[in-house]
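One structure is given here, and the rest of the page talks about it.
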Amino acid sequence: MRVVLVFLTGFMGTGKTAVARRLAAILGWPWVDTDQEIEKVTGLSIEDIFRKHGEIRFRSEETLALKRIVRDWAGQPGIVSTGGGMVLKAENVELMRAHGVIIGLTATPEVIFQRVKMRQLRKRPLLRTKGDVRARIEELMSLREPVYRSVAEVIIDTSSKEPEQIARELVEWIKGRMAGEKSGKS
Ligand SMILES: Nc1ncnc2c1ncn2[C@@H]1O[C@H](COP(=O)(O)OP(=O)(O)OP(=O)(O)O)[C@@H](O)[C@H]1O
Ligand SMILES: O=C(O)C1=C[C@@H](O)[C@@H](O)[C@H](O)C1
Ligand SMILES: [Mg+2]
């Protein structure tokens with residue numbers, strides 16, 4: 001399989017969107033973010049989709065967005081930052097694996113809390129709680145961690161690095177991955 005699409009996966013606030021933007025700029029590849037794509041297509045914010053239509057509807061929109069992206073971008077290189085729950089559906093993981101490579105980003109719960117607190121929680125309805133947001137992050141992360149670990153080819157801890165530095169490291173990884181594939185085929 002050639003590396004054509006690079007999917008960034010991981011928990012909310014690990015930096016998928018921030019890193020993808022820089023990765024695309026360095027490589028000169030196009031970039032799409034599935035959350036932004038869903039908002040564009042539905043004309044609704046993530047918050048409104050969850051509030052008015054519920055999580056099941058959001059998950060359907062998420063799979064539809066992924067299907068459109070792999071169809072429209074077939075055969076060309078590109079960076080896709082996914083929503084934090086994209087990997088929870090086996091169908092989505094299969095689609096990503098069939099069209100590219102899956103990179104995982106991680107960070108400590110405390111760093112995630114610092115990044116997503118306040119205004120950022122609006123984009124992440126699953127973290128909104130009357131109780132302790134830190135505890136909610138830890139709970140959801142520990143439930144999902146095995147999935148994030150099992151789907152990604154490589155996992156980068158973004159807790160103490162700037163998005164620019166992470167993007168540069170990933171460029172090297174992607175180049176190595178592409179070179180490895182070429183030599184494997186010849
Ligand atoms: N490595 C980093 N260092 C410092 N701040 C960061 C880093 N990565 C992301 N951020 C900041 O943390 C916030 C959340 O990052 P981002 O939106 O990229 O997360 P995400 O993984 O895309 O989350 P989601 O799954 O909810 O879309 C943003 O304000 C972003 O600028
Ligand atoms: O981790 C999740 O389930 C989510 C992450 C965000 O990117 C959004 O896709 C939405 O808030 C759900
Ligand atoms: Mg994002």
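Ligands are counted one by one from 1 in listed order, and the atoms in each one are counted from 1 as well. Side chains are part of it too, since the values below use all heavy atoms of this structure and drop only hydrogens, waters and symmetry mates. Computed from a prediction, not measured in an experiment: that's the story for all the values here.
Within ligand 1, the atoms closer than 4.0 Å to a non-hydrogen atom of F11 are 21 (O), numbered from 1 in the order shown. In summary, the atoms of ligand 1 found under 4.0 Å from a heavy atom of T158, numbered by their order in the structure, are 1 (N). Heavy-atom contacts of P125 reach the following atoms of ligand 2: 11 (O) (cutoff under 4.0 Å). Residue-ligand proximity, D35 to ligand 1, at heavy-atom distances under 4.0 Å covers atoms 27 (O). The contact set between ligand 1 and A18, taken as ligand atoms under 4.0 Å from a residue heavy atom, comprises 9 (C), 18 (O). Against a heavy-atom cut-off of under 4.0 Å, G84 is close to the following atoms of ligand 2: 1 (O), 2 (C), 4 (C), 5 (C), 6 (C), 7 (O). Interface atoms of ligand 2 facing D35, defined by a heavy-atom separation under 4.0 Å, are 6 (C), 7 (O), 8 (C), 9 (O). Each of the following atoms of ligand 2 lies closer than 4.0 Å to a heavy atom of R124: 11 (O).
Residue T82 places no N or O, backbone or side chain, under 3.5 Å from any N or O of ligand 1. Checked against a 3.5 angstrom limit, the closest N/O atoms of G83 and ligand 2 fall outside it. Residue K161 has at least one N or O atom closer than 3.5 Å to an N or O atom of ligand 1.
Side-chain atoms of R22 come within 3.5 Å of backbone atoms of A18 as a donor-acceptor pair (strictly under, hydrogens ignored). The backbone N or O of M86 sits less than 3.5 Å from a side-chain atom of N92, completing a donor-acceptor pair. Using modelled atom types, no side-chain atom of T158 and backbone atom of A107 make a donor-acceptor pair closer than 3.5 Å. Checking side-chain atoms of S159 against main-chain N and O of T108 turns up a donor-acceptor pair under 3.5 Å. Between the side chain of E39 and the backbone N or O of I46, at least one donor-acceptor pair lies under 3.5 Å.
Residues E169 and K161 are paired through a salt bridge, judged by an N-O separation under 4.0 Å between the basic side chain and the carboxylate. Looking at R136 and E139, a side-chain N of the basic residue comes within less than 4.0 Å of a carboxylate O on the acidic one, giving a salt bridge.
The part of R59 lying near ligand 2 is the side chain, judged by heavy-atom distances below 4.0 Å. The residue V19 has no part lying near ligand 1, judged by heavy-atom distances below 4.0 Å. Only the side chain of I166 comes within contact range of ligand 1, with a heavy atom under 4.0 Å; no backbone atom does. Only the side chain of L126 comes within contact range of ligand 2, with a heavy atom under 4.0 Å; no backbone atom does.
None of R124, K52, R128 except one satisfies the salt bridge (charged side-chain N to carboxylate O under 4.0 Å, His left out) rule with E47; the exception is R128.
Closest heavy-atom approach to atom 2 (C) of ligand 1 among the candidates M12, Q36, R115, R124: R115. With distances taken over non-hydrogen atoms, the option nearest atom 9 (C) of ligand 1 out of G15, S160, G84, S81 is G15.
Side-chain heavy atoms closer than 4.5 Å link hydrophobic residues (I, L, V, M, F, W, Y) into clusters, and following such links, even through other members, never connects I155 to L140. Hydrophobic clustering, with ILVMFWY side chains joined whenever heavy atoms are under 4.5 angstrom apart, groups L27 together with V19.
Environment of CG in L143: crowded, with over 12 heavy atoms of neighbouring residues, nucleotides or ligands closer than 6.0 Å.
Within the 4.5 Å cutoff, side-chain heavy atoms of E153 are placed close to those of W173.
Using a 4.0 angstrom heavy-atom cutoff, F11 does not count as in contact with ligand 2. Ligand 1 has at least one atom lying under 4.0 Å from a heavy atom of T14. Using a 4.0 Å cutoff on heavy atoms, P163 counts as a contact of ligand 1. Proximity of R144 to ligand 2 is established by a heavy-atom distance of less than 4.0 Å. For the pair E61 and ligand 2, no heavy-atom separation below 4.0 Å is found.
Listed here is the closest heavy atom pair of K16 and L8: O-CD1, 3.5 Å.
With 2.8 Å as the limit, T17 counts as an N, O or S neighbour of the Mg ion (ligand 3).
Distance from atom 11 (O) of ligand 2 to its nearest protein heavy atom, with residue and atom name: K123 O, 3.0 Å.
Relative orientation of the Y148 and F11 rings is perpendicular, given thresholds of 30° and 60° on the angle between their planes.
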